[in-house]
Number of protein chains: 2
Amino acid sequence: MSLGMALEDYIETIYLLGGEKGAVRLTDIARRLNVRKSTVVDALKRLQEQGLAIHERYGDVMLTQKGVELASRVYERHITLYRFLSDVLGVDDVTASREACDLEHFVSSNTTSRLKKFLEFFNQCEKLKDLINTEFKEFLVYGRIPSICEKKEVKMITLKELKTGEEGVIKKVGCDASIRARLLAMGLVPGERVKVAKIAPMGDPMDIIIKGYHLSLRKDEAKCIEVELE
Amino acid sequence: MSLGMALEDYIETIYLLGGEKGAVRLTDIARRLNVRKSTVVDALKRLQEQGLAIHERYGDVMLTQKGVELASRVYERHITLYRFLSDVLGVDDVTASREACDLEHFVSSNTTSRLKKFLEFFNQCEKLKDLINTEFKEFLVYGRIPSICEKKEVKMITLKELKTGEEGVIKKVGCDASIRARLLAMGLVPGERVKVAKIAPMGDPMDIIIKGYHLSLRKDEAKCIEVELE
DNA sequence: ATGATATGTTAGATTAATCGAACAATCAAG
DNA sequence: CTTGATTGTTCGATTAATCTAACATATCAT
């Protein structure tokens, strides 16, 4: 019952025009979408049948609650695609915009949310952003993988084996469910950098620093946390 | 004249079935696309009119040269999208495959080639791959940006100012066109790591190592190359 | 070689999306 | 209040993509 891509375009357009200037006129829609007015009348009729829009003869066009919901979902897909094409792939604005218009009707909500997450990650992870904005862009032009891409050799050991003053990045928290939950809750999640501050005489407990906070860990716990040394 | 998405699906299907088992039968196409045989007859007629396929009554279906070209272009888009959805975003196989089928009809060749480049970069740049496969996947689950993402403070200086034994990553080759071309040709491209091996008594020339090769650079040249220190 | 089964074709109908042409309502400016 | 200009509606037609039902041809197995 997914409405067909043309109709999706109509609600999206109504939604956007509504935001730009209160009352939406049929003619505005026609102009925006480059179709004849008669076509719009038809579309509006079908939209009305689906309970998505309201349009009384010679009157303004409005979206119903349901219509607004659908429209904003479609629009979100549009924006997400646009941002990805433009910011990550570096596609020019016009193409990105036009293409997002077509693609928006076909990306699933699962993919959309992953793409959104990806963009969020992209925007917050300086390292990624840098890699894309400089190295990838260079790659697009020169076609060669910069040596900065090479992965440095890494050693995997458990947190227990780290010595005082050493640092590592958590790769896996492999403990039993209950312990694991507690450790994760304390901030010991994969990807975090840990540093050993001090180790008690008997090697138990050990004092570690993560995200600036001190934590005390027992040998048993440290044993099942895998870390990566640079 | 871009053929309509349904017809694109037909040639793509014929192309793939042809690869799987020599002769392509109308029924195979119908089964694969989940449509009635009569629908396929119709599609085939239109494909024939466009000079993309050949189908004689009760005979096998074949693509013309032109048909094969178009089909492989569509298929390439499909594969590219599939790989991106699956490998980078981590969308499950079934969804990725289904979605690629829809999207393939709308991505421009410009976007496709950028996406291909992106995947190529992704596959060859260990650092990126790692970032996506571990940190991004973690982010999808835990929703937090790992500290590994933080960009280390970098100092930008010119290559001339590096001392013997020091290393840096080339960020920009800002020399005049002719010198620039020569430097780039020697492998001094942005993204590469350089190390200073030796500096002659008067500071000119300097001996650097890039990608394992020694190069000799004059002060003038080194002066306009910006490098980043870690 | 002769049916039964699988394959292929035709014809007629439907639905979504469009168009153009002709007609109808509204409104703003005298 | 009349009258263009603008805006909106109706109608009939077209195209792509589908379907169902009925009919036609091939092929394989005995």
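Just so we're on the same page: letters track the sequence lines, and every chain starts at 1.
Taking both residues in full, the closest heavy atoms of B:Val107 and A:Glu99 are given as CA-OE2, 3.1 Å, listed atom of the first, atom of the second, then distance.
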Anything under 3.5 Å between a protein N or O and an N or O of nucleotides 22-25 of chain C, put it in a table, one pair a line.
residue : atom : partner : partner atom : Å
C:dA25  : O4'  : A:Tyr58 : OH           : 3.2

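B:Gln65 is linked by a side-chain hydrogen bond (donor to acceptor under 3.5 Å, both in side chains) to B:Glu69, counting only residues two or more places apart in sequence or in another chain. Residues passing the side-chain hydrogen bond (donor to acceptor under 3.5 Å, both in side chains) test with B:Arg144 are A:Glu192, sequence neighbours excluded. Not counting sequence neighbours, the partners of B:Arg31 by the salt bridge (Lys or Arg N to Asp or Glu O under 4.0 Å) test are B:Asp28. For B:Asp176, there are no side-chain hydrogen bond (donor to acceptor under 3.5 Å, both in side chains) partners, not counting sequence neighbours.
Pairs of residues two or more places apart, or lying in two chains, never qualify as disulfide (SG to SG under 2.5 Å) while including a residue from residues 42-93 of chain A. Evaluation of the ring pair (Phe, Tyr, Trp, His ring centres under 6.0 Å) test over residues 97-144 of chain B, restricted to residues two or more places apart or in two chains, returns A:Phe106-B:Phe106, A:Phe118-B:Phe136, A:Phe121-B:Phe136, A:Phe121-B:Phe139, A:Phe136-B:Phe118, A:Phe136-B:Phe121, A:Phe139-B:Phe121. Residue pairs meeting the salt bridge (charged side-chain N to carboxylate O under 4.0 Å, His left out) criterion with at least one partner in residues 7-17 of chain A, sequence neighbours excluded, are A:Glu8-A:Arg77. The disulfide (SG to SG under 2.5 Å) contacts involving residues 84-138 of chain A comprise A:Cys125-B:Cys149, where partners must be two or more places apart or lie in separate chains.
Counting 5' to 3', DNA chain D first comes under 4.0 angstrom of a heavy atom of chain B and last does so at the ends given by D:dA16 to D:dT25.
Using a 4.0 Å cutoff on non-hydrogen atoms, the parts of residues 37-48 of chain A near DNA chain D are A:Lys37, A:Ser38, A:Val41, ordered by number.
As judged by a 4.0 angstrom heavy-atom cut-off over every strand, B:Arg36 is placed among the base-contacting residues.
Taking atom CD1 of B:Ile29 as the reference point, atom C1' of C:dG8 lies 12 Å away to the nearest angstrom.
Between A:Leu26 and B:Tyr10, it is A:Leu26 whose nearest contact on DNA chain D lies nearer the 5' terminus.
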I'd like a table of donor-acceptor pairs (distance under 3.5 Å, sequence neighbours excluded) in which one partner is a side-chain atom from residues 78-87 of chain B, with atom names and distances.
residue : atom : partner  : partner atom : Å
B:His78 : ND1  : B:Glu104 : OE1          : 2.8
B:Thr80 : OG1  : B:Glu76  : O            : 2.7
B:Tyr82 : OH   : B:Asp93  : OD1          : 3.4
B:Arg83 : NE   : B:Asp87  : OD2          : 2.8
B:Arg83 : NH2  : B:Asp87  : OD1          : 3.4

